[in-house]
Protein chains: 2
Amino acid sequence: MVTLLDVARRARVSSATVSRVLNGAGRISESTRRRVIEVANHLGYQPNQVAKSLRLGRGRSVALLIGDIEQGTYMALTKRVQLALQALDLDLLLFNLDHREDRLFGFLDRAPTMGLLGVVMAVPRRMDGRRLARYAERLRTQGMLLVAVGQRLNRLGVPSIVHDEVTGAGLAIDRLVTGGHWPLAYLGRTVTSATGGARYRGFRAALTARGADTATCELWECTDKFRAEAGYHVVGEALRRGTHVRGVVAMSDEMALGGIAAALDQGLAVPRDIAFVGYGALDWGGYARPALTSVLVNADAVAEALEALFRAHQEAREPRMLTIVRPALVARTSA
Amino acid sequence: MVTLLDVARRARVSSATVSRVLNGAGRISESTRRRVIEVANHLGYQPNQVAKSLRLGRGRSVALLIGDIEQGTYMALTKRVQLALQALDLDLLLFNLDHREDRLFGFLDRAPTMGLLGVVMAVPRRMDGRRLARYAERLRTQGMLLVAVGQRLNRLGVPSIVHDEVTGAGLAIDRLVTGGHWPLAYLGRTVTSATGGARYRGFRAALTARGADTATCELWECTDKFRAEAGYHVVGEALRRGTHVRGVVAMSDEMALGGIAAALDQGLAVPRDIAFVGYGALDWGGYARPALTSVLVNADAVAEALEALFRAHQEAREPRMLTIVRPALVARTSA
DNA sequence: CTGAAAGCGCTTACAG
DNA sequence: CTGAAAGCGCTTACAG
């Protein structure tokens, strides 16, 4: 590996000068600048990022903490986050938490030793607020940016990017009601999920705002992860119980797909007998039959907000503590 | 941040001793060992990974280069790879290449400056072998391990983990033929994909091995990515052309789903009129209707092989240059 | 405009 | 068994 010192020797200047030229800092005479750059190019010099990180006290990587990357919506998010970071010339360190709180805090513990620029946590789990606030404070004093995606943690001092769940639920509800599907069920709340809780509250709020009779509506909980299998199970059970529900707002596209399969397997027609709206608007959903109608979580908007947050951080500006992203409806045939 | 020196001062020993205790190197008297460990725990000391990396010349991160993380099979792979690395206490740096060769080589260029332990490339793209061999050599001299997943690059000096495509295709073919679905088409080869090419060759080979009359079989190419939309398009076209194909071996589950949708939309019954086998055996595939029959790419086996490779590397043993993973069939109802 | 020197936080020959 | 010292490859006051 060719080092900065190699360049300096060859260009007959000090290492300080080479550093200044390459980082565009301080006044440098045009002739030495040219010479240094030429030598650097000629030798194919590339600055050692590890040494830079050590010296500067922070690196160019951002850690993304994900609840479960196998859920389609996190995967889409991961991709967009990577793109956003790439635009800022930052690298992405990925951590799959598998929905385990100990993995989260374990990571936050060693984060300061890793030379990270920041940490983005896209974890739906409900967590110990006090404890998190302590970690957040610690990371801040280290000059690291901690951001939450999908959960409102701004009260704990963590800039947060969340979806407008009331609007999202409203979109789903209106679609179902307009299609004559009533009463409704909310499919997939899990007790351990803060995101799930917020989304369910959004569902209730949207219902109430429309003056609907919520008494006939149902909540179908899951103890499982938010996967197709759980949806299949829960909806199958409800149907066997003889539920009157005719419209389902699902927590994810996977859940909606599972629920639809359960209905189909019991000889029902979708959406005629029971309609489904998913969440995430994943690519493949449009090719299921019936095609999934779904609330679009705007991963692009999230990525944009994230980029703005990191830009502000790099320019030492105050971060926006709460960004609310508006979802949209992708109307297809399952509702 | 509490540093090693803080621990040393407080324990009244030199920094060398603390380092030795914490890394289990050299003979240390039991009493100082105990004292050092106690002080370290008491102060909550955590070694600065950046400094370690600089000093040791390599870090604890492995970069995973992915063609397109939005494809389900890569996502599943990503998760397993992360798990495998975690077992070795290594971190995962994720790069989404978006199928662009310049991004690949751009990364390989700066990889040596990042203090990585290794690079895993799971990219299906056909690429410039000469150029790649040069990079591979360069990384090796830096003590970094470069591994290919899904593409046979062992001839270029890159340890490779690949699927046994002939077996995989054979599983799909036997399932289709046994069900009376004939002739067959292979759906989704793209010219730029080395993996796709290998898989198609596996399909041909399996066909030949069975003494089948390959003349009646078709190849349905895609210029697109391997997504549901491409499958929908290509199968729709073929059907409209009046193809005699009755069984489809698809490049991915997404493609199979798209193809099934096209058949369904033209009033055909699946699998009665035309049957489909996907690739990847993704979770949600079991809840599509009909449920996707699919070739299982054993992500666990891949992760295991990867773990073995990194373990060998850390113990300075010769890596196994080629690992072939046997796929299995997940039989459901689409074929 | 430029350089000598210190230092980021570690590890490891070398010496005792 | 333990320590003083050098050094990994950078950046940045400080001095001129």
Side-chain angles (χ1 to χ4, degrees), chain A residues 1-37 39-40 43-61 110-117 141-144, chain B residues 1-37 39-40 43-61 110-117 141-144:
Chain A
M1 267 295 71
V2 23
T3 73
L4 185 139
L5 210 61
D6 296 325
V7 176
R9 273 193 285 260
R10 185 101 168 211
R12 310 186 166 292
V13 291
S14 73
S15 59
T17 298
V18 176
S19 174
R20 289 190 191 108
V21 169
L22 267 26
N23 294 301
R27 327 258 90 214
I28 302 281
S29 83
E30 193 47 35
S31 64
T32 54
R33 159 187 309 284
R34 237 201 290 273
R35 201 164 70 254
V36 167
I37 289 188
V39 171
L43 295 181
Y45 169 69
Q46 289 182 303
N48 181 317
Q49 297 301 334
V50 180
K52 273 184 103 136
S53 292
L54 179 60
R55 180 57 230 237
L56 296 175
R58 75 198 128 65
R60 302 203 61 77
S61 313
R110 61 200 187 86
T113 71
M114 302 176 66
L116 297 172
L117 191 64
T141 62
Q142 311 268 340
M144 288 173 55
Chain B
M1 269 291 74
V2 25
T3 73
L4 185 140
L5 210 59
D6 295 327
V7 176
R9 273 193 284 259
R10 184 102 169 212
R12 309 186 169 291
V13 293
S14 74
S15 59
T17 298
V18 177
S19 174
R20 289 191 191 105
V21 169
L22 267 25
N23 293 301
R27 329 257 91 214
I28 302 282
S29 84
E30 194 47 35
S31 66
T32 55
R33 158 186 312 283
R34 238 199 291 274
R35 199 164 73 254
V36 167
I37 289 188
V39 172
L43 296 181
Y45 170 69
Q46 289 183 303
N48 181 318
Q49 297 302 334
V50 180
K52 271 185 107 136
S53 293
L54 179 60
R55 179 57 230 236
L56 296 174
R58 74 199 131 64
R60 301 202 63 77
S61 314
R110 62 200 186 86
T113 71
M114 302 176 66
L116 297 171
L117 190 65
T141 62
Q142 311 268 340
M144 289 173 55

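Residue numbers begin at 1 in each chain, while the letters A, B, ... track the order of the sequences.
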Please tell me if A:S29 has a side-chain N or O lying less than 4.0 Å from either OP1 or OP2 of C:dC1. no
May I ask you to evaluate whether B:K52 reaches the phosphate of C:dT11, defined as a side-chain N or O under 4.0 Å from OP1 or OP2? yes
Taking only side-chain nitrogens and oxygens of A:N48, does any of them come within less than 4.0 Å of OP1 or OP2 of D:dC8? no
Heteroatom pairs (N/O) under 3.5 angstrom, protein to nucleotides 13-16 of chain C:
| unit_1 | atom_1 | unit_2 | atom_2 | d |
| --- | --- | --- | --- | --- |
| C:dA13 | N6 | B:R20 | NH2 | 2.8 |

So what does B:V13 hit on the nucleic acid, given a heavy-atom distance under 4.0 Å: a base, only sugar-phosphate, or nothing? sugar-phosphate
Return the pairing partner of C:dA4 with a 3.5 Å limit on both distances, Watson-Crick or G-U wobble; otherwise return none. none
Would you say A:T32 places a side-chain N or O within less than 4.0 Å of OP1 or OP2 belonging to C:dT2? yes
Applying the 3.5 Å cut-off to both distances, the Watson-Crick or G-U partner of C:dA13 turns out to be none
Pick base, sugar-phosphate or nothing for B:I28, based on heavy-atom distances below 4.0 Å to the nucleic acid. sugar-phosphate
So, OP1 or OP2 of C:dT2: does either fall under 4.0 Å of a side-chain N or O from A:S14? no
Considering every strand and a 4.0 Å limit on heavy-atom distances, what is the contact class for B:S53: base, sugar-phosphate, or nothing? nothing
D:dG3 phosphate, OP1 or OP2, under 4.0 Å from B:S15 side-chain N/O: no
